[in-house]
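First comes the structure, then the notes that go with it.
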Protein chains: 2
Amino acid sequence: MAQAGYSQFCPVAMAAEIICTRWTLLVLRELGAGTTRFNDLRRGLPRMSPALLSQRLKELEGAGVIRRSMQVGGPGEYHLTDAGRDLIPIIEAVGAWGQRWVDPEVSLQKLDAQLLMWDMRRNLDPDPMPDRRCVIQFQYPEQPVGLRAWWIVVCPRDGVDLCSADPGHDVDLYVSADLRTMTAIWMGADTVRRAQDAGRLRLVGERGLIDDMQAWLGLSPFARPQKLAS
Amino acid sequence: MAQAGYSQFCPVAMAAEIICTRWTLLVLRELGAGTTRFNDLRRGLPRMSPALLSQRLKELEGAGVIRRSMQVGGPGEYHLTDAGRDLIPIIEAVGAWGQRWVDPEVSLQKLDAQLLMWDMRRNLDPDPMPDRRCVIQFQYPEQPVGLRAWWIVVCPRDGVDLCSADPGHDVDLYVSADLRTMTAIWMGADTVRRAQDAGRLRLVGERGLIDDMQAWLGLSPFARPQKLAS
DNA sequence: CGGGATCCGTAAAGATACTG
DNA sequence: CAGTATCTTTACGGATCCCG
């Protein structure tokens, strides 16, 4: 910290100077998942200060891991370079290690409704859903007001949208659980069926959406050995 | 920093809290290479303060990555657990990434004679050497006095020893180069033959030792896709 | 609203000295 | 040999503010 790096010629040290600084691996995880915009990165990294995110993005650009494309009239976008894409298997391996060796009781201590919803939105699979607009409301009754209710709107052509305020549409499915249960399902430590049978998860609404929920909800990309998005 | 971790349930974040703190990956690299003693770890991490090393070892023990074995009369030893051994492929992948994507001109800026000699000592292969005691003196004429001369003593049964003071034995081979050249050879960016032909490396002594130098010297474990030591 | 920059208090790391 | 103790420097967190 005090000094630039480790002063070691070893490739592990050189790479660690680039990717093992605070938050950096998570920034790369977001970029690997397809996020390109500054404020979208922020949504996936809610506790990271914008100043530090900006600094890290510059450092990664300097290291040749990402490239910043500034359109004249449009917003800037950040993309992994070839070197950056080469880091994705490493991030997947780190995630797999965490999934295997970190006690779920510890990770389920770090609940964050906004982060969970943002993550679910990204990975939600519309294919098993009816071919029309579907609105699902998630409710976490024990959460503070602003984090208690969420709407996910799936449109066949507009994709998946997340709102923390009522968008006004009719709701096709109400999902109610405590945040811990929903996170455990998302991480693969619990299932829709088991949680529903045990009363930890309540589903009210269209039968088809309920029956296929495990399918369209999916799992965190790190819950099983699976690739990150393109 | 201000807070303990990232407050994210994602396995990547959980793992990053454990292994992506400063110096930690290099501590694990040393342990993965077979080093078990505190002061030997220090030799491989010369710029890391003992206080921080001690702290990191405790953190890693708390995370279940290493185990500390305290013998009653003997010195303490640190060993990777199963979880820790599972990190070795990740460290190798990080090293491979660094070897591929970090400009050698940048890594060859971070020269360190003591670190290089310690690293060479660990990986030196006595097999291609004569079956008797061999003494090799390395000289880096441009280095400051205490780092200028090194002796490696290879004994068929006592293993490989490194001295920074003359051990008093007859020298079988004198190796003279600048530190950058020797490091480049060690990292696979140069070869004994090429450096000698170009006059960057001077070898004086027993013909057989000279001819087989590339073989017994070997390469850094990260210079090619190869396993760390047992 | 997207995309940052600035400022200040706190927490972590570096340097060095010292001890059982 | 295997660490602590101490003091200074640096980085990070959080809030606020700025600009097109």
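Chain identifiers are assigned alphabetically (A, B, ...) following the order of the sequence lines, protein sequences preceding nucleic acid strands; residue numbering begins at 1 within each chain. This one's a predicted model, so the numbers in the text were calculated from it and none came from an experiment.
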Between B/Arg85 and B/Leu80, is there a donor-acceptor pair closer than 3.5 Å when you use the side chain of the first and the backbone of the second? yes
Using a heavy-atom cut-off of 4.0 Å across all strands, would you classify B/Glu77 as base, sugar-phosphate, or nothing? nothing
Within the structure shown, what part of the strands sits under 4.0 Å from A/Ser49 by heavy-atom distance: base, sugar-phosphate, or nothing? base
Can you find a side chain N or O atom of [X] that sits less than 4.0 Å from OP1 or OP2 on [N]?
X       : N      : result
B/Arg42 : D/dC1  : no
B/Trp23 : C/dG14 : yes
B/Tyr78 : D/dG3  : yes

Any salt bridge linking [X] with [Y]? Criterion: basic side-chain nitrogen under 4.0 Å from a carboxylate oxygen.
X        : Y        : result
A/Arg180 : A/Glu142 : no
A/Glu92  : A/Arg29  : no
A/Glu61  : A/Lys58  : no
B/Arg67  : B/Glu77  : no
A/Asp119 : A/Arg43  : no

Judged by each residue's nearest nucleotide on DNA chain C, which is more toward the 5′ side, A/Asn39 or B/Gln55? A/Asn39
Between B/Met48 and A/Arg37, which has a closest nucleotide on DNA chain C that is more 5'? A/Arg37
Counting side-chain heavy atoms from C-beta on, which of [options] comes nearest to [X]?
X       : options               : answer
B/Lys58 : D/dT4, D/dG3, C/dG3   : D/dT4
B/Leu52 : C/dG4, C/dA17, C/dA13 : C/dA13
A/Arg22 : D/dG13, C/dA13, D/dG3 : D/dG13

In whole Å, what is the span from the [atom1] atom of [X] to the [atom2] atom of [N]?
X       : N      : atom1 : atom2 : result
B/Glu17 : C/dA11 : CD    : C1'   : 15 Å
A/Phe38 : D/dC19 : CZ    : C1'   : 14 Å
B/Leu45 : C/dG14 : CG    : P     : 11 Å
B/Leu53 : C/dA12 : CG    : P     : 18 Å
A/Leu41 : C/dG4  : CG    : P     : 10 Å
B/Arg56 : C/dG14 : CZ    : C1'   : 12 Å
B/Leu57 : C/dA13 : CG    : P     : 14 Å

Over its full length, what angle do the end axes of the helix from C/dC1-D/dG20 to C/dG20-D/dC1 make, each axis taken from five pairs and the result rounded to 10 degrees? 30°
Salt bridge (charged side-chain N to carboxylate O under 4.0 Å, His left out) assessment of A/Asp172 paired with A/Arg132: CA-CA 11 Å; A/Asp172 300 289; A/Arg132 53 173 178 77; 3.6 Å; yes
Which residue, B/Arg43 or B/Ser54, contacts DNA chain D at a nucleotide closer to its 5' end, judged by nearest heavy atom? B/Arg43
Has B/Arg100 got its NZ or CZ under 6.0 Å from the middle of the six-membered ring of B/Trp97, at an angle within 45 degrees of the ring axis? no
